[in-house]
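The structure appears below as structure tokens.
Source: prediction; values computed, not measured. Only heavy atoms go into these numbers, but all of them, side chains included; no hydrogens, no water, no symmetry mates.
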Amino acid sequence: MTAKKKPRLSADEWSEARILYVQGFVDDSGERQYMTLEALAKKFKVNIATVHRRSKEEGWRDQRVIFEQKLSQQIDEQKRKQLSEEAVEFDANSLKLAKALQADIVRLMRLAQSERQRYEAMLQAWHERRERAFGDGREFLEPFPAQPSIITSNGINQLASALEKTHKTGRLALGESTENRNVSGTINAVDEGLA
């Protein structure tokens with residue numbers, strides 16, 4: 001009884017075997033798997049020596065190394081691109097947040113300034129009424145005006161600190177330096193648009 005000879009593989013089958021060895025395949029869990037020469041011999045029902053010879057002649061091992069390097073570069077590039085896009089989005093969101101916080105802080109400072117001016121006007125009017133009453137010899141029983149809940153100097157310092165932090169966040173989001181610039185001079189509320 002003669003041993004049954006294993007069939008020869010077609011060009012398409014050898015191509016498929018080479019791809020399974022060089023490029024592998026992605027399994028159900030999303031992982032890339034590479035077939036061994038032994039596994040290919042079993043899959044295609046050919047002698048292992050034949051698969052080894054074909055692999056050596058066509059340089060499958062070197063092709064796999066090159067494929068893995070290119071694949072690794074592509075994955076790294078995709079990760080860089082994704083991280084870059086996320087960084088741009090994060091910076092844009094940080095800038096929007098910094099602008100919104102700055103607007104809120106400026107609004108609060110304007111409100112505090114307005115309340116302070118209103119209270120000063122109330123005090124001035126109260127003093128004038130009291131002076132008229134005393135000048136007329138009348139008793140002045142009107143209570144001293146209650147101070148509205150305006151931002152204290154400590155509150156203004158906290159707002160200024162918050163404004164500085166949002167400014168730095170915005171500069172960082174734009175890729176600019178946050179180093180001190182050693183600028184001297186005075187800034188008043190009118191210069192800053194707070195009047």
Value rounded to 0.5 Å, distance of CD in E38 from NE2 in H52: 4.5 Å
Atom pair CD/CG of E120 and L123 - distance to nearest 0.5 Å: 7.5 Å
Minimal non-hydrogen separation, M122 against A146, with atom names: CE-O, 4.2 Å
Evaluation steps, side-chain hydrogen bond (donor to acceptor under 3.5 Å, both in side chains), between Q124 and E128: CA-CA 6 Å; Q124 180 68 32; E128 288 171 3; 3.1 Å; yes
Candidate pair R132 and H127, rule side-chain contact (heavy atoms from CB on, under 4.5 Å), full reasoning: CA-CA 9 Å; R132 274 196 307 272; H127 283 293; over 6 Å; no
Value rounded to 0.5 Å, distance of OG1 in T36 from CD1 in I48: 7.0 Å
Partner set under side-chain contact (heavy atoms from CB on, under 4.5 Å) for R32, not counting sequence neighbours: V26, Y34, F67, L71
Verdict with supporting geometry, D12 and S10, side-chain hydrogen bond (donor to acceptor under 3.5 Å, both in side chains): CA-CA 5 Å; D12 287 343; S10 70; 5.2 Å; no
Any donor-acceptor pair under 3.5 Å from Q23 side chain to L20 backbone: no
Test side-chain contact (heavy atoms from CB on, under 4.5 Å) applied to S84 - qualifying residues, sequence neighbours left out: none
Inter-residue atom distance E77.CD - Q82.CD, 0.5 Å rounding: 12.0 Å
hydrophobic_cluster_shared for V65 and I75, side chain cutoff 4.5 Å: no
Residues D104, R107: salt bridge by 4.0 Å N-O rule: yes
Flag, side chain of N47 to backbone of A49, donor-acceptor distance under 3.5 Å: yes
Under the side-chain contact (heavy atoms from CB on, under 4.5 Å) test, residues paired with E131 that sit two or more places apart: none
Residue among M35, Q63, R64 satisfying side chain to side chain contact (heavy atoms under 4.5 Å, CB included) with Y21: R64
Point-to-point distance, once rounded to the nearest 0.5 Å, from CZ of F25 to CD1 of I19: 13.5 Å
Salt bridge (charged side-chain N to carboxylate O under 4.0 Å, His left out) contacts in which one or both residues fall within residues 50-63, not counting sequence neighbours: R54-E58
Non-neighbouring partners of F140 that pass side-chain contact (heavy atoms from CB on, under 4.5 Å), sequence neighbours left out: W126, R129, R130, A133, F134, E142
Which atom of Y119 lies closest to which atom of Q147, heavy atoms considered: CE1-CA, 3.4 Å
Contacts of W14 that satisfy ring pair (Phe, Tyr, Trp, His ring centres under 6.0 Å) - sequence neighbours left out: none
Heavy-atom side-chain contact between L37 and W60 under 4.5 Å: yes
